[in-house]
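As structure tokens, the structure follows; a few thoughts come after it.
Remember, predicted model here, so these are calculated numbers, not experimental data. Chain identifiers are assigned alphabetically (A, B, ...) following the order of the sequence lines, protein sequences preceding nucleic acid strands; residue numbering begins at 1 within each chain.
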Amino acid sequence: MIKVECDGAVHEFPAKISAGKVIKEVHGKKSGAIAASVNGEEKDLSYLLSQNCKIDIIKDNSEEGLYIMRHSCAHLLAQAVTQLFPDAKPTIGPPIENGFYYDFYMEPINEGDLNKIEKLMRKIVKQNLPIEREEHDNETLRKMFSNNSFKMEIMDDKIGQEVGSSVYRQGDFVDLCRGPHVESTAKLKWFKLTNTSQAFWRADSSRETLVRIYGMCYSSKEDLQARETLLREAAKRDHRKLGKDLQLFHIDEMVGQGLILWTPRGTVVRNELQRFISEHLNRQGYKQVYTPHIGKLDLYRTSGHFPYYQDSQYPPIVKRETLQRLSDEGCSCGDLSNLMSKGEIDGYMLKPMNCPHHLRIYVSQPRSYRNLPLRLAEFGTVYRWEQSGEISGMTRVRGFTQDDAHLFVTEDQIEPELLGCIELVKVIFGTLRMKNYRVRIGLRGSDSEKYVGNPKQWDKAEAACRNAAASLGVEFSEEPGEAAFYGPKIDFIVKDVLGREWQLGTVQVDYNLPERFNLTYTGSDGEKHRPVMIHRAPFGSMERFCGVLIEHFNGMFPTWLSPTQVHILTISEKQIDYANQIAQSLSEVGIRIEMDTGDDTIGKKLRTHRSMRPAYLVILGDDEQKKETISFMGPDREQVNGIPVNDFISKVISEIKSKK
RNA sequence: GCCACCGUAGCUUAGCCCGGUUGAGCGGCUGACUUGUAAUCAGCAGGCCGAGGGUUCAAAUCCCUCCGGUGGCUCCA
């Protein structure tokens, strides 16, 4: 007999009883157990207990339980795939948030195949195949998987780490796996294959390309349906769809991939955001500057951006004379391309960053410690050659405007200036009601050669980042290896409704560029000193930020940001004069309006104008005209009748001022 | 850049498998109606079916290349 503690009570059982049986005895058949935690270790329900222990149930709807179920679902997928495509070699198939994936070495498949696979998976579920664990020594395992080089590679890596390894068998499918798994294929019901894609073995693009199949999996029909509903809702608030419907921006194939055309309504939103941040810049002592969109290659050679990052830059603009001279010298296209990639050619480049221009503003005058910190700010547009497959809507683009600034500071000023930067980000996120974000401090990794600057400076700067974040009371994570090569950074990462993360604001310390551009200031000691530079962009880019913002507000912007704040609708043509009069009163005080005095019914007008999601809809009929009032629907779309125009105006104005 | 899928009017889409001069709804314009809360009625205009090439007597439809988009992978100073 052994003593088993389960659910706070100690029970006695004969030895070699399975974990599942114990749970069944203690909790009954409907325990919802999918696996067991034995002395804190996750085990199959079939795991045999040989000595005294403590058991906890792992329920099918718990986080651990879902992961186990999803992992089993990945095996189910692999079983179906290998049955349909005998040449397919399973590689790895982990559980992930909401589901699982499995990577196979096989010929590419299409959507039709996906349906076939899913059908077969459901058939296997009906067969109720037991999923059984087997333990083997390394030699046996190697024999079992000798025809799968990927599994062999996994085993090679694990040699010495694990004594003996396990496989899981269901029907005639066997997979190398540490488990645990659900008891039988019948436990897997609420899943759905979602998409396929290509992946690389070990995420290395020089290795084998694999076919990845994604699926989602839940413990109940309701959860699966809820996820499907969420995905549908998210599709509705997708900024690419809303951007089109609400006429905020346009991407035109004739202009180019990843290049945003801000249409009038979108431009209003962007201008309001820029005005908002400009106010704070002035308050914090920034100086605004303008710099051109291009610069000589020499500028970027000095900064180090060229030729090092040329793969992600638009190619240089080469001067006509240079081309002519090279041609006269007998230079071929191949030679030219070679010269370009080595950077041995003169020309201009679209700027990939604003900092080089700002650095040249710094050196345009002698600087003393009395001038520092010098804070140069610019809504600067930069161009980067993102990979074509990466470009998407407003969030991944090839031309974007950073709300950029560079702070030139002394070593001692790093921390207070970082604080100011984070403060700004906090104000912005607070004003825009973005609560779902995290702060990441990127620190040096272990490969010290990658980083410039001396270790003492780094220590100091890293401490400054930590202190700045901490003193603002924001929660943050420290992630070694996430620093830029030139200094530590603080990133602000926003999570959207689908759980996708977007890096928006960023604050970075830089020791590299002041060195490269030989920046100096005269200290109180009369000696030359090297300033430190801080890059910061609280929005990140206007494009990405607006894209995220559109989805965040579901297109229903707060009044101050609303492209058109008040839409005025008349009941009939009798109110046209009155409507004009109201429109003028609103426009005079700077409220953005749109009027509809057309001959549609009021029902139709409301339908049309609601779809544009203005903050306010004003309705004018005979009643309102007679009493010199208006009726309106606010953001909540509750109607309020008979309000004097001036009362309405003060309400809207105060809302705009307070940015509510 | 890579893999899979997609591209028909401003928008949403039928037709594509199985080749035989694109059909609709919304929107636009014109007219009638003058309206009190999520689509008033009628008429008209709008498409070399993403571009180029090929197969064919004949291509939106089949094949190839390119461009653009979507989902992932890889990348993101």
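A gap of 15 Å separates the C1' atoms of B/C6 and B/U12, to the nearest Å. For the P atoms, the distance from B/G69 to B/U8 is 14 Å, rounded to whole Å. One P atom belongs to B/G7, the other to B/G50, and the distance between them is 8 Å to the nearest Å.
Between A/Arg438 and A/Glu479 there is a salt bridge, since at least one side-chain N of the basic residue sits less than 4.0 Å from a carboxylate O of the acidic one. For the pair A/Lys241 and A/Asp238, the salt-bridge criterion is not met [side-chain N within less than 4.0 Å of a carboxylate O]. For A/Arg444 and A/Glu462, the salt-bridge test passes: some basic side-chain N is under 4.0 Å from an acidic carboxylate O. Note on A/Lys236 versus A/Glu551: no salt bridge recorded, every NZ/NE/NH1/NH2 to OD/OE distance being 4.0 Å or above. For the pair A/Arg440 and A/Glu478, the salt-bridge criterion is not met [side-chain N within less than 4.0 Å of a carboxylate O].
Evaluation of atom-type donor-acceptor distances gives no pair under 3.5 Å for the side chain of A/Asn110 against the base of B/C5. Interface remark: the A/Arg396 side chain does form a donor-acceptor pair with the B/C76 base, using a distance-only criterion of under 3.5 Å. In this model, a side-chain donor or acceptor of A/Glu624 finds a partner on the base of B/G36 within 3.5 Å. With hydrogens and angles ignored, a donor-acceptor pair under 3.5 angstrom links the side chain of A/Gln639 to the base of B/U37.
Side-chain rings of A/Phe545 and A/Phe539 approach one another, their centers coming within less than 6.0 Å. Taking the centre of each ring, A/Trp262 and A/Phe249 stay at or above the 6.0 Å mark. Ring centroid separation for the pair A/Phe100 and A/Tyr102 does not come in under the 6.0 Å cut-off.
Rounded to an integer number of Å, the gap from A/Ile571 CD1 to B/U40 P is 13 Å. Nucleotide B/C2 holds its P atom 17 Å from the CG atom of A/Leu210, rounded to whole Å. If you measure from atom NE2 of A/His305 to atom P of B/C76, you get 14 Å, rounded to the nearest angstrom. For A/Arg607 and B/G25, the CZ to C1' distance is 12 Å, given to the nearest whole Å. Atom CZ in A/Arg613 sits roughly 13 Å away from atom C1' in B/A38 (whole-Å rounding). Look at CD on A/Gln247: it is 12 Å from P on B/C11, rounded to the nearest Å. Atom pair A/Asp600:CG and B/C26:P shows a separation of 13 Å (rounding to whole Å applied). Atoms CD1 (A/Ile391) and P (B/G72) sit 16 Å apart, rounded to a whole Å.
For B/C75, neither phosphate oxygen OP1 nor OP2 lies less than 4.0 angstrom from any side-chain nitrogen or oxygen of A/Gln387. Side-chain N/O atoms of A/Thr601 include one lying less than 4.0 angstrom from OP1 or OP2 on B/U40. Contact annotation: A/Lys604 side-chain N/O to B/G27 OP1/OP2 distance is under 4.0 Å. Using a 4.0 Å cut-off, no side-chain N or O of A/Arg384 falls inside it from OP1 or OP2 of B/A77. Taking only side-chain nitrogens and oxygens, A/Tyr214 comes nearer than 4.0 Å to OP1 or OP2 of B/C73. Regarding contacts with the backbone of B/C67, every side-chain N or O of A/Gln257 stays at 4.0 angstrom or more from both OP1 and OP2. Within the 4.0 Å cut-off from OP1 or OP2 of B/G1, at least one side-chain nitrogen or oxygen of A/Ser388 is found. Regarding contacts with the backbone of B/G71, a side-chain N or O of A/Arg240 is found under 4.0 angstrom from either OP1 or OP2.
As the counterpart of B/G36, no nucleotide is assigned, since no Watson-Crick or G-U wobble pattern has both distances under 3.5 Å. In this structure, B/C48 forms no base pair with any nucleotide, since neither Watson-Crick nor G-U wobble geometry is met with both distances under 3.5 Å. Using the Watson-Crick or G-U wobble rule with both distances under 3.5 Å, B/C57 pairs with B/G20. Remark: B/U70 base-pairs with B/A4. Criterion, Watson-Crick or G-U wobble with two distances under 3.5 Å.
Within 4.0 Å (heavy atoms only), A/Gln310 reaches no atom of the nucleic acid at all. Within 4.0 Å of A/Asp622, counting heavy atoms only, lies at least one base atom of the nucleic acid. Using a 4.0 Å heavy-atom criterion, one finds that A/Tyr101 contacts no nucleic acid atom at all. Across all strands shown, A/Lys605 has no heavy atoms under 4.0 Å from either base or sugar-phosphate atoms. Note on A/Asp245: nothing from the nucleic acid sits closer than 4.0 angstrom, heavy atoms only.
The A/Pro108 side chain lies nearest to B/A4 when the options are B/U34, B/U37, B/A4. Of all nucleotides listed (B/U37, B/A77, B/G68), B/G68 comes nearest to the side chain of A/Glu253. Comparing atom distances between the A/Pro352 side chain and each of B/U37, B/G1, B/A77 picks out B/A77 as nearest. Closest to the A/Ser392 side chain, of the nucleotides B/A32, B/G72, B/U70, is B/U70. Closest contact between the side chain of A/Ile619 and the listed nucleotides B/C73, B/U37, B/U35 involves B/U37. Across B/A4, B/U34, B/C73, the shortest atom-to-atom separation from the side chain of A/Ala199 is found for B/C73. Of the candidates B/C73, B/C2, B/A77, the closest approach to any side-chain atom of A/Tyr309 belongs to B/A77. For A/Ser197, the side-chain atoms get nearest to B/G71 when compared with the rest of B/U12, B/G71, B/U37. Considering only the side chain of A/Thr196, B/A4 comes nearest among B/A32, B/A77, B/A4.
Evaluated for a side chain to side chain contact (heavy atoms under 4.5 Å, CB included) with A/Ile260, the options A/Val255, A/Val397, A/Asp252 yield exactly one hit, A/Val397.
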